[in-house]
There are 2 protein chains.
Amino acid sequence: MLGKTKRDRQAERREATQAEIIDAAWDMTREVGLAQITLRGVADRVGMRAPSLYTHFDSKNAIYDAMFGQAWTECLAHFESVKAQAPAGAREALRFAAHTFFDFAVKDLARHQLMNLRTIPGFSPSEENYAPAVATLDLARELFFSNGITDPEDLDLYTALIGGLVDAQHANDPGGDRWARLLDRAVDMYADHLDLP
Amino acid sequence: MLGKTKRDRQAERREATQAEIIDAAWDMTREVGLAQITLRGVADRVGMRAPSLYTHFDSKNAIYDAMFGQAWTECLAHFESVKAQAPAGAREALRFAAHTFFDFAVKDLARHQLMNLRTIPGFSPSEENYAPAVATLDLARELFFSNGITDPEDLDLYTALIGGLVDAQHANDPGGDRWARLLDRAVDMYADHLDLP
DNA sequence: GCTGTACTTCTAACTATGTTAGGAAAAACT
DNA sequence: AGTTTTTCCTAACATAGTTAGAAGTACAGC
């Protein structure tokens, strides 16, 4: 029997090519840095010439946009994959979430740069590729809710706190742990502030 | 009577020209954004052609470097000018410092971007122009010391906390106050954590 | 006052990069 | 088989930072 819906080989190949292009873009990013990738370099890695990339992406920023979406989709998937392992107590849950995010951010600096820092001049994510970032935050919101933390400002304070530690670590001691080791203390401070058990 | 040391008109003019150039660079920054300034644009504003700037600065990044130094020098001066107004209690002093820094950062986003965010690809400040940033942090360290907070980790946590709020405000709600209004709460949380009166 | 030296600015040009125009080749459809 | 659509190419443009080398300017010493 044939597949129910006839496969669209053309669309499949197109998607595969696009995936190949962003993979190549990540490759080059890890070699030369996020801002230093060039269309000619990316094209080389997939055996094309630069202008051909325009068949698949409207601009260089559109490539960044796709990378942004992919990174946050990964992040969302990661959070969902460890969601079940979240411990029971509110305090422990917040600590777990903090570590999950922090480790993910520190694991790949270029990725973190694209996801969380406004580092590419002129680039801002499209609505479409911003969606998984929103979804990830929703997941955090959910976790907070299920632990009785419902005030949006509480979550804002938490994200600023954890984000501040990540950024400080990234900017002032990359590869080290000067701020990483403050993470548990920070979460405890926050949990105490909310009178969590 | 003549001045004791003969004036070096050449050096004077040179410095004046350099100052004019960074002023023009700030001008253009405020019009088009920090990353979008061009040597030709800056040169135009001082009645020159782009290559002439190389008589005064080694590269575009050297101009950013000078701007960086100037911005932190301003910041240091600002901190020193309000230092005397710092209130007596430790908690109040921390709150005062937080507001001073936060307001300074939010007042000029481009400046904050250059001072605190790694936003210009390939640029990192020279030792020389990083000095006023270090001096500013020393001032904070001093304030902490004089309020009995001596553990370096305590200061690290504080800077990450305040920096996190600034960055969150800047990235997610520029011009608004979604994180700005959490500032006092954050400082109180921190002060409670350190058992400050 | 003239002249040589050092400094400043200029024009012309190079290189790298994102991007567009328009045509050839490949694939898909009828 | 012929037509259309899609993909990729070459050629070229515009903008940017930067370099080379000539022309102009300021000033010290004779």
**Student:** Please determine if A:D167 and B:R118 form a salt bridge, counting it only when a charged side-chain N lies under 4.0 Å from a carboxylate O.
**Tutor:**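 Result for this pair is no, no salt bridge flagged.
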
**Student:** How close or far is atom C1' of C:dT9 from atom CD of B:Q18, stated in whole angstroms?
**Tutor:** 15 Å

**Student:** Whether A:D138 and A:R141 form a salt bridge (side-chain N of Lys/Arg under 4.0 Å from carboxylate O of Asp/Glu) is what I want to check.
**Tutor:** yes

**Student:** Indicate yes or no for a side-chain donor-acceptor contact from B:D103 to the backbone of B:K107 under 3.5 Å, with no hydrogens or angles considered.
**Tutor:** no

**Student:** Can any side-chain N or O of B:E127 pair as donor or acceptor with the backbone N or O of B:A131 at less than 3.5 Å?
**Tutor:**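 Absent.
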
**Student:** Determine whether a donor-acceptor pair (N or O, by modelled atom type, separation under 3.5 Å) exists between the side chain of B:N147 and the backbone of B:I149.
**Tutor:**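 It does not hold such a pair.
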
**Student:** Determine, for A:R91 against A:D192, whether the closest basic-nitrogen to carboxylate-oxygen distance falls under 4.0 angstrom.
**Tutor:**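 Yes.
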
**Student:** Among residues 47-65 of chain B, which ones have heavy-atom contacts with DNA chain D below 4.0 Å?
**Tutor:** B:P51, B:Y54, B:S59, B:K60

**Student:** Check the phosphate of C:dT8 against B:R14, side-chain N and O only, distance under 4.0 Å to OP1 or OP2. Yes or no?
**Tutor:**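 For C:dT8, OP1 or OP2 has a side-chain N or O of B:R14 closer than 4.0 Å.
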
**Student:** Which of residues 36-46 of chain A have a heavy atom under 4.0 Å from DNA chain C?
**Tutor:** A:I37, A:T38, A:L39, A:R40

**Student:** Assess whether a salt bridge exists between B:R178 and A:D156, defined as any Lys/Arg side-chain N lying under 4.0 Å from an Asp/Glu carboxylate O.
**Tutor:** yes

**Student:** We want to know whether B:D184 and B:H99 form a side-chain donor-acceptor pair, criterion being a heavy-atom distance below 3.5 angstrom.
**Tutor:**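 A pair is found: one side chain offers a donor N or O, the other an acceptor, under 3.5 Å apart.
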
